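A quick write-up on the structure given underneath.
In each ligand, atom 1 is the first atom listed, and ligand 1 is the first ligand listed. Being a predicted model, the structure only gives us computed values, none of them experimental.
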Amino acid sequence: MGDAVALIVEGLKKSYGNLRVLDGVTFSVEKGEFVCLIGESGCGKTTILKIIAGLEKPDGGRVEFAGGARMGFVFQDDRLLPWKTVYGNILFALRASGIEDGGVVREIIDAVGLRGFENYYPKQLSGGMRQRVGIARALAVNPDLLLMDEPFASLDARTRERMQEELLRIVEGKTVVFVTHSIDEAVYLADRVVVLSPRPSRVLRIVEVDIEKPRDRNSEEFIEKRKEIYSALKP
Ligand SMILES: Nc1ncnc2c1ncn2[C@@H]1O[C@H](COP(=O)(O)OP(=O)(O)OP(=O)(O)O)[C@@H](O)[C@H]1O
Ligand SMILES: [Mg+2]
């Protein structure tokens, strides 16, 4: 694997009983690249992330990272510990990775815009704020690879756009694999978009989004990219 490559996913196959979910999924991610996986509900996106993270085993194919990659996972549901505060949730993740808090937790809380809410419990936060805690928790271990599973799917349109803007600032320079079924979100965030077929999933096309960030959703090039991905999804 070359120096510039962070992750190789090759020929992943996976079935659950008789249900074929992945049918040879192949793509790679470069260091510092933001890659979106897009595909319809149930096509196997979460399964791909779980296999990358080692939470599921594939039936075939392989995953390779650049030496000892540390991963952060932002789950589709926020999975916060309800009995721990914002601070406590992030600290818990840090300690689980064997890292002690040398001020990192406060730094991360600032970065995701939650200063002042350190002592709040998850149920006292809005949906967007809970997602920020989930992102903070994943970032706390300073991951080489950040896996994000539709973290903004449950947010209203305006909050979602604001979170997308903030996310690009927060993860600047990090290697990210971000799952979405929103074409707009993929075109806004990604350097490249991996377009998946309906189940069993294969890669239909990989679309490069060569538009400078931050991107203007109303620009002609943005709208063109959206069309390109739309037609790749519906061949
Ligand atoms: N542990 C499991 N046992 C059995 N079937 C599973 C399991 N996990 C996932 N599946 C099945 O695999 C298929 C793909 O699921 P997956 O969660 O990867 O889809 P997805 O692309 O993330 O969908 P969504 O966009 O709705 O989140 C689904 O049909 C699901 O029912
Ligand atoms: Mg999913």
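Salt-bridge check for Asp59 with Lys13: failed, with every basic side-chain N at 4.0 Å or more from each acidic carboxylate O. Classification of Lys213 and Asp191 as a salt-bridged pair holds, one side-chain N sitting under 4.0 Å from a carboxylate O. A salt bridge links Asp184 with Arg226: at least one charged nitrogen is closer than 4.0 Å to a carboxylate oxygen. Residues Lys225 and Glu228 are paired through a salt bridge, judged by an N-O separation under 4.0 Å between the basic side chain and the carboxylate.
In terms of protein heavy atoms, atom 26 (O) of ligand 1 is closest to Ser41 OG, 2.5 Å. Ranking protein heavy atoms by distance to atom 16 (P) of ligand 1, first place goes to Thr47 OG1, 3.7 Å. In terms of protein heavy atoms, atom 25 (O) of ligand 1 is closest to Lys45 NZ, 2.7 Å. Protein heavy atom nearest atom 31 (O) of ligand 1, with residue, atom name and distance: Leu19 CD2, 4.2 Å. From the protein, the heavy atom lying nearest to atom 29 (O) of ligand 1 is Arg199 NH1, 3.0 Å. Here the protein heavy atom with the shortest distance to atom 3 (N) of ligand 1 is Tyr16 CD2, 3.5 Å. Nearest protein neighbour of atom 27 (O) of ligand 1, counting heavy atoms only, is Gln76 NE2, 2.8 Å. The nearest heavy-atom contact from the protein to atom 17 (O) of ligand 1 is Thr46 CB, 3.5 Å.
Using a distance-only test at 3.5 Å, with no hydrogens or angles considered, a donor-acceptor pair links the side chain of Arg215 to the main chain of Ile211. With hydrogens and angles disregarded, no donor-acceptor distance shorter than 3.5 Å links the side chain of Ser201 to the backbone of Val21. Of the possible polar contacts, one joining the Arg130 side chain to the Leu125 backbone as a donor-acceptor pair under 3.5 Å is found. A donor-acceptor contact shorter than 3.5 Å links the side chain of Ser197 to the backbone of Arg202.
The aromatic rings of Phe117 and Tyr120 sit perpendicular to each other, their planes meeting at more than 60°, with 30° as the lower class boundary.
In terms of polar-atom proximity, Glu56 is not counted as a contact of ligand 1, lacking any N or O under 3.5 Å from an N or O of the ligand. Ligand 1 has an N or O atom lying under 3.5 Å from an N or O atom of Gly42, backbone or side chain. Checking only distances, Cys43 does come within under 3.5 Å of ligand 1, N or O to N or O.
Heavy atoms of Val21 found under 4.0 angstrom from ligand 1 belong exclusively to the side chain. When non-hydrogen atoms are compared, ligand 1 lies under 4.0 Å from neither the backbone nor the side chain of Asp149.
Across Lys45, Glu185, Gln164, a single residue satisfies side chain to side chain contact (heavy atoms under 4.5 Å, CB included) together with Thr180, and that is Glu185. The side-chain hydrogen bond (donor to acceptor under 3.5 Å, both in side chains) test with Arg192 is passed by exactly one of Glu208, Glu30, Glu33: Glu33.
Residue His181 approaches ligand 1 through these ligand atoms, each under 4.0 Å from one of its heavy atoms: 25 (O).
In this structure, Gly39 falls outside the shell of residues with a heavy atom less than 4.0 angstrom from ligand 1. Heavy atoms of Glu150 approach ligand 1 to within less than 4.0 angstrom.
One of the N, O or S atoms belonging to Gln76 lies under 2.8 Å away from the Mg ion (ligand 2). The Mg ion (ligand 2) has an N, O or S atom of Thr46 inside 2.8 Å of it.
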